[in-house]
Amino acid sequence: MSVLFLRTLRDDPADADVASHRLLVRAGYVRRAAPGIFSWLPLGWMVLRNVERIVREEMNRAGFQEVHFPALLPREPYEATGRWTEYGDNLFRLQDRRGADYLLGPTHEEMFTLLVKDICTSYKDLPLSIYQIQTKYRDEARPRAGLLRGREFVMKDSYSFDLDRAGLQASYDAHRAAYVRTFDRLGLPYVIVAATSGAMGGSASEEFLAPLDAGEDTFAFCAGCGYAANTEAVHTAVPAVPAVPAAAQALAGETPAARVEDTPGTPTIQTLVDELNRRPDLRRPDRPWTAADTLKNVLVMLVHPDGTTEPLAVGLPGDRDLDVKRLEATITPAVVAAFGEAEFAARPQLVKGYIGPRSLGKARGVRYLVDPRVVEGTSWVTGADAPGRHVIGLVAGRDFRADGTIDVAEVRAGDPCPQCGAGLELRRGIEIGHIFQLGSKYAEALGLAVAGPGGQPVVVTMGSYGIGVSRAVAAIAESTLDDRGLCWPREIAPADVHLVAASKDKSVVEYADRLALDLSQANIRVLYDDRSDASAGVKFKDAELIGVPTVVVIGKGLADGVVEVRDRASGTTDLVPVGEVTAHLVELCRADPDAAD
RNA sequence: CGGGGAGUAGCGCAGCGGAAGCGCACCUGCUUUGGGUGCAGGAGGUCGGGGGUUCAAAUCCCCCCUCCCCGACCA
C-alpha cells in the first residue's frame, strides 16, 4: 500500500447520501469525473472486473457467446426501430465532421439484430444467444447515488434469437436460470418480480431486484403465495360483478336513480366527504361516507413521440392517487404532461373540481379510462360538471360507460394480492437485472428473417437480457457494508487478505514482507499495508474501510509466535502460529463458499 | 422538467461589507509506536462564472452555471 494509487478519506463526501456511494468514494474505489460519470481507481477497478468475470463465467457456462460492439453507433438502425425519437433526451447524440448523426449506445438491440441478420440465414443457425459486457450511455435526467444510476455505466446485455415462441420461452428460461446462478454467486439478495417492458417493447418481462432501501424501484409482494411484481406491473384484483349482490341489483335498476345535489365549496375529495357526512340529507344510513366512495377524474395530457398531444381522463376511487410512473409504463412510448390552465380553458365543459363521467369520453373529445375497481354496478359520488354540484349514486354501466379501464392507481400496502387475495407488502429494490421477451419488434423493423425448414422466410423471435454490472458493484457494497466500512464477499473483494504490519519493529516488518510473498506464491491475493508512516490505528481503520474479507495483523503477537487472523464481517480474531499461517489462509480462502470454482 | 437545499484549499466546514480562515489530508523535523499520537514549521485559493452597487464585495443586487435531496425517466 505504500505505493498503491489510493487515498482514503476520513470524512464522508458531502455530495454522497447513499452509504455505498459514500464508502466507495471514501475508501478510494471511485471518484466522480462528471455528473453520473465515474473514474475507477485500482481497488474499484479490481472489484468491477471481479463482478464482470463472474457474470462472464456464468454466461459462458450457459452456452452464450461473447461478442463486443462499439459504443459509438450510427443513427440509421435506431431510426429504423423508432428509438432515435422514442429514447428522447436520454440519448447522447453527436455528429461527425460531416454532420452525420451518431449516438452513444444506451442498449444494443438494433446492432445485435443487424449483426445476426448479416450472419444467420437459416433456421439451422438458431437458436442463438450472444452477449457483451459494455459501457452504456444514457443522458439521465437525474443521475443518483453514485454508481447506482450513472450516465455512463457497465452493462452485460444478452440477446436471444429463436424461430418461434416456444424457442423464445426456452431461451428466456435459460437466461433466467443463468441470472439466478449469477446473482447467487455475487452474493446479492434478490427478488424476481413481474415487470413492464418500457421503451424496450415486447411482452413478458421480469426484473431481478435487490431488496434494499437505497433502490429506486418499489415492488409489491405477497408473503402468502409468493406473488411479486414491480408496482408498475401490479394488476389490481377486481371482484367479479355477479359476486357482489349490490352491484347486480344496481344494474337491474333496483337501486335509486342517481341524483344531483348542491355541494357548494367542495372542490377536493376531502371537502366533499366532509360535506356529505355533515349534512343530514346526504348522510348514508349504514355508515359514514369515505373517500373510497367517490370517483375522481384526473386529467392528463399524453405527448406522443411524434409530438402530438392527446387529452386523457382517468377515473379513480377518490382515496387513491394516480401513480404517474404506472401511467407512463402503461402508455409508453407516450409521456405524461400536466393538464394546464390553457387546456381547461380550451374545454369549457370540464369544470375543475367537479368533473364527472358525463363530460368525458371519446365522443366528447377526451378519452376516458377508469380504474379496474370501477366495475359495472358500482355506485359512486362524483362531479356533476357544474360548479359546486355533485351527483350521488351514479352507477357504472347503468348511468355511464367509460372507454375502457386502465390500471394506474397507486398501489398500497395491504391491497389484495391478485393471485390469492391476501394483503400485499411493499418494499424498495435496486434493479440489478431485467429480462425481456421482445418478440419480433426488432426483427420486423430491421428485416431479420431466416429460411425455415420449408425454405420460406421466418421472422426471428428475440429476447433481451440485461445485468447492470457497475450497478451490481454498488448493490453488493450496499448489501454488505456496516458502520465501519465496506465488507466484500471474497470473490468480489479486491484481495483475499489485507495484511497489516502493525509495528515498525524490524522483525515484524521482515516477517510481514516474507508472508506477503509466501501468500502471493500460494495464489492468495494480498493487499499489504507496508506503510512506514502510518500508525497501527490508521491501518486498522483503513483495513475496515476497504473491506477485504480477511485481515491479517502482524504485531505484538509475533514475539509469542502468533499472528492475528481477523474476519472482517464478524470481527472475530483467531491467533495462528506463525508456522501455520500460510496453510491456514490457503484453507480459509478455499473453504469460503463464495470462492467456489 | 417541477419543488427544496448548497457552491470558499484534495476532503469536511466557518466567515456574510473593511488584510481569505479552521479541522483532516499533504510536505519537513522531532515525538509517539496495537485503534485515525502530540508539537513545531511549511506548501496549497481566479471564494462556481459574468455583470452591477460601493472608497472597499467571499459578503449586497441581477443573470448564468454546477451539485445534492424529493418527485417525473431507466440496467
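For clarity, every value in this text was computed on a predicted model and none was experimentally measured. Scope of the values below: all heavy atoms of this structure, side chains included, with no hydrogens, waters or symmetry mates.
Asp513(A) and Tyr511(A) form no side-chain donor-acceptor contact under 3.5 Å, judged by distance and modelled atom types alone.
Taking for each of His21(A) and Ser470(A) the nucleotide of RNA chain B with the nearest heavy atom, the 5'-most of the two is the partner of His21(A).
Taking atom NE2 of His434(A) as the reference point, atom P of rA75(B) lies 6 Å away to the nearest angstrom. Following rounding to the nearest Å, Asp12(A) (CG) and rC13(B) (C1') show an atom-to-atom distance of 14 Å. Straight-line distance from the CZ atom of Arg531(A) to the C1' atom of rA25(B): 12 Å, rounded to whole Å. Phe183(A) has its CZ atom 13 Å from the P atom of rA75(B), to the nearest Å. If you take CG of Asp139(A) and P of rC1(B), they are 11 Å apart, rounded to a whole angstrom. We find that CG of Leu148(A) is positioned 15 Å from C1' of rC69(B), with the value rounded to whole Å. Residue Asp217(A) contributes atom CG, which lies 11 Å from atom C1' of rC73(B) at whole-angstrom precision. Atom pair Arg428(A):CZ and rG71(B):C1' shows a separation of 11 Å (rounding to whole Å applied).
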Inset, instruction - Classify every nucleotide of nucleotides 26-39 of chain B by which part a protein heavy atom approaches to under 4.0 Å, writing B for the base, S for the sugar-phosphate alone and - for neither, in 5'-to-3' order. - result: S------BBBBS--
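Side chains of Val553(A) and Arg566(A) form a contact here, defined as non-hydrogen atoms less than 4.5 Å apart. Side chains of Val552(A) and Glu564(A) form no contact here, defined as non-hydrogen atoms less than 4.5 Å apart.
The residue Gly215(A) sits apart from the nucleic acid: no heavy atom pair falls under 4.0 Å. Residue contacts for Ile430(A): at a heavy-atom cut-off of 4.0 Å it reaches no nucleic acid atom on any strand shown. As judged by a 4.0 angstrom heavy-atom cut-off over every strand, Arg22(A) is placed among residues making no nucleic acid contact.
Taking the C1' atoms as reference points, rG2(B) lies 39 Å from rC22(B), given to the whole Å. Annotation: rC70(B) and rC27(B) have their P atoms spaced 37 Å apart (nearest Å). Between rU59(B) and rG17(B), the two C1' atoms lie 6 Å apart (nearest whole Å). Rounded to whole Å, the C1' atom of rC62(B) lies 40 Å from the corresponding atom of rC26(B). Taking atom P in both rC13(B) and rA9(B), the straight-line distance is 11 Å, to the nearest Å. To the nearest whole angstrom, the two P atoms, one in rU28(B) and one in rA43(B), are 14 Å apart. Across rC16(B) and rG21(B), the matching P atoms stand 15 Å from one another, rounded to whole Å. One C1' atom belongs to rC30(B), the other to rG49(B), and the distance between them is 45 Å to the nearest Å.
Distance alone, capped at 3.5 Å, places no donor-acceptor pair between the Arg22(A) side chain and the Asp12(A) backbone.
For a distance-only test at 3.5 Å, the side chain of Arg149(A) qualifies as a donor-acceptor partner of the base of rC73(B).
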Inset, instruction - Output, in order, the C-alpha distance, side-chain angles, deciding distance and verdict of side-chain contact (heavy atoms from CB on, under 4.5 Å) for Leu316(A) and Leu322(A). - result: CA-CA 8 Å; Leu316(A) 303 163; Leu322(A) 177 73; 3.9 Å; yes
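Summarising the base pairing, rG71(B) is matched to rC1(B) through a Watson-Crick or G-U wobble pair whose two defining distances lie under 3.5 Å. Pair assignment for rG36(B): none, as no Watson-Crick or G-U wobble contacts are both less than 3.5 Å. Nucleotide rA6(B) is matched to rU66(B) when pairs are restricted to Watson-Crick or G-U wobble geometry with both distances under 3.5 angstrom. Nucleotide rA19(B): unpaired (no Watson-Crick or G-U wobble partner with both distances less than 3.5 Å).
Every residue two or more places apart in sequence or in another chain that forms a side chain to side chain donor-acceptor pair (under 3.5 Å) with Thr81(A) is listed here: Glu110(A). For Arg412(A), the side chain to side chain donor-acceptor pair (under 3.5 Å) partners at least two apart in sequence or on another chain are Asp319(A), Glu410(A). For Ser532(A), there are no side-chain contact (heavy atoms from CB on, under 4.5 Å) partners at least two apart in sequence or on another chain. By the side chain to side chain donor-acceptor pair (under 3.5 Å) test, Thr8(A) pairs with Asp542(A), sequence neighbours left out.
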Considering only nitrogen or oxygen atoms on both sides, find all protein atoms under 3.5 Å from nucleotides 43-45 of chain B and state each distance.
none

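With rounding to the nearest 0.5 angstrom, the CG atom of Leu114(A) is 12.0 Å from the OH atom of Tyr442(A).
Test His108(A), His175(A), His434(A) against Tyr465(A) for ring-ring contact (aromatic ring centres under 6.0 Å, His included) and you get one pass: His175(A).
When distances are taken from the side chain of Asp11(A) to each of rC73(B), rG12(B), rG10(B), the shortest belongs to rG12(B).
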